[in-house]
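Computation of the quantities below employed the complete heavy-atom set of this structure, encompassing side-chain atoms and omitting hydrogens, waters and symmetry-equivalent molecules. Quick note: residue numbers are just sequence positions, from 1. Both ligands and their constituent atoms are indexed starting at 1 by order of listing.
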Amino acid sequence: MPGRLTGKVAIVTGSSSGIGQAIAVRLAREGAHLVVDYRSHPEGADDTRKQIEATGSRAVVLQADVAKLEDTRRLVDEAWKQLGGCDILVNNAGIEKGADFWEVTEEDYDAVLDVNLKGVFFLSQAFVRRLREARRPGCIINISSVHEEMAFPHFSTYCAAKGGLRMLTRDLAVELGPAGITINNIAPGAIETPINKSLLEDKPKLEALLKNIPLARMGKSEEVAALTAFLASEEAAYITGSTYVIDGGLMVNYHEQ
Ligand code: BGC
């Protein structure tokens with residue numbers, strides 16, 4: 001649906017690849033101008049920029065690590081400076097590190113929690129501060145995971161972060177509602193993206209995963225992007241504090257034999 005986001009400005013973190021890239025391009029197609037954030041893949045961010053510009057929207061590409069507070073503030077400041085404001089924040093950047101619980105190092109704990117939870121917290125804070133000063137409404141969408149709810153053995157750090165995100169969203173929906181700022185989570189299941197690279201290359205593991213998915217396939221980044229565009233649009237104006245699961249039925253799956 002073109003035009004649902006005409007005149008809006010959006011930041012999408014981690015938009016140099018995977019779900020983030022698909023979201024940035026989809027929001028641009030619906031008329032938004034974009035801040036493309038990347039941490040370590042400038043070539044991917046450049047590819048996103050080209051796809052955005054091909055839709056006729058503007059793209060500002062910024063290197064920023066959401067785990068660093070000064071970087072989160074810079075992302076918001078640059079959106080206002082270069083694009084005249086910021087209405088939509090998509091907290092998409094995420095990492096995961098697999099390890100048995102008893103082997104997890106402090107370094108890996110910090111890396112996962114810093115990007116997946118602390119980054120969302122402080123970037124959202126910077127986004128909200130500017131909106132409150134300007135008395136403008138806004139919309140935050142967090143790309144969470146089915147693992148904000150469902151166990152993921154050997155990924156305890158990831159689960160701790162995503163579980164925290166679930167509660168953060170519910171809490172902020174209440175605190176930010178009076179300012180006209182909505183916040184929702186999208187909880188993707190198994191989507192074909194670089195985060196899943198090792199799984200996609202391991203046939204037995206992939207087959208075992210697909211057995212858990214009633215729709216019997218991985219999801220596509222574009223499918224997550226379509227849901228994001230809806231939640232960012234006026235059509236979703238009355239939705240806040242919710243999680244939207246997009247997982248081919250993975251989370252509710254149960255059968256005997
Ligand atoms: C994780 C993937 C995993 C999927 C389903 C996602 O949040 O990033 O590694 O395959 O959940 O379990």
With sequence neighbours excluded, what pairs up with Glu223 under the side chain to side chain donor-acceptor pair (under 3.5 Å) test?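 Glu223: side chain to side chain donor-acceptor pair (under 3.5 Å) contacts with Arg217.
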In the structure I gave you, are the side-chain heavy atoms of Arg4 and Phe230 within less than 4.5 Å of one another anywhere?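 Side-chain contact under 4.5 Å: yes.
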Could you label the plane-to-plane angle of the Phe155 and Phe152 rings as parallel, tilted or perpendicular, counting under 30° as parallel and over 60° as perpendicular?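 The rings of Phe155 and Phe152 lie parallel, inter-plane angle below 30°.
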Below 4.0 angstrom, N of the basic side chain to O of the carboxylate: do [X] and [Y] qualify?
| X | Y | result |
| --- | --- | --- |
| Glu78 | Lys81 | yes |
| Arg129 | Glu133 | no |
| Asp47 | Lys50 | no |

Anything with a heavy atom under 4.0 Å from ligand 1 counts, so go ahead and list those protein residues by chain and number.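 Within 4.0 Å of ligand 1, the protein residues are Glu96, Ser145, His147, Phe152, Tyr158, Gly189, Ala190, Ile195, Asn196.
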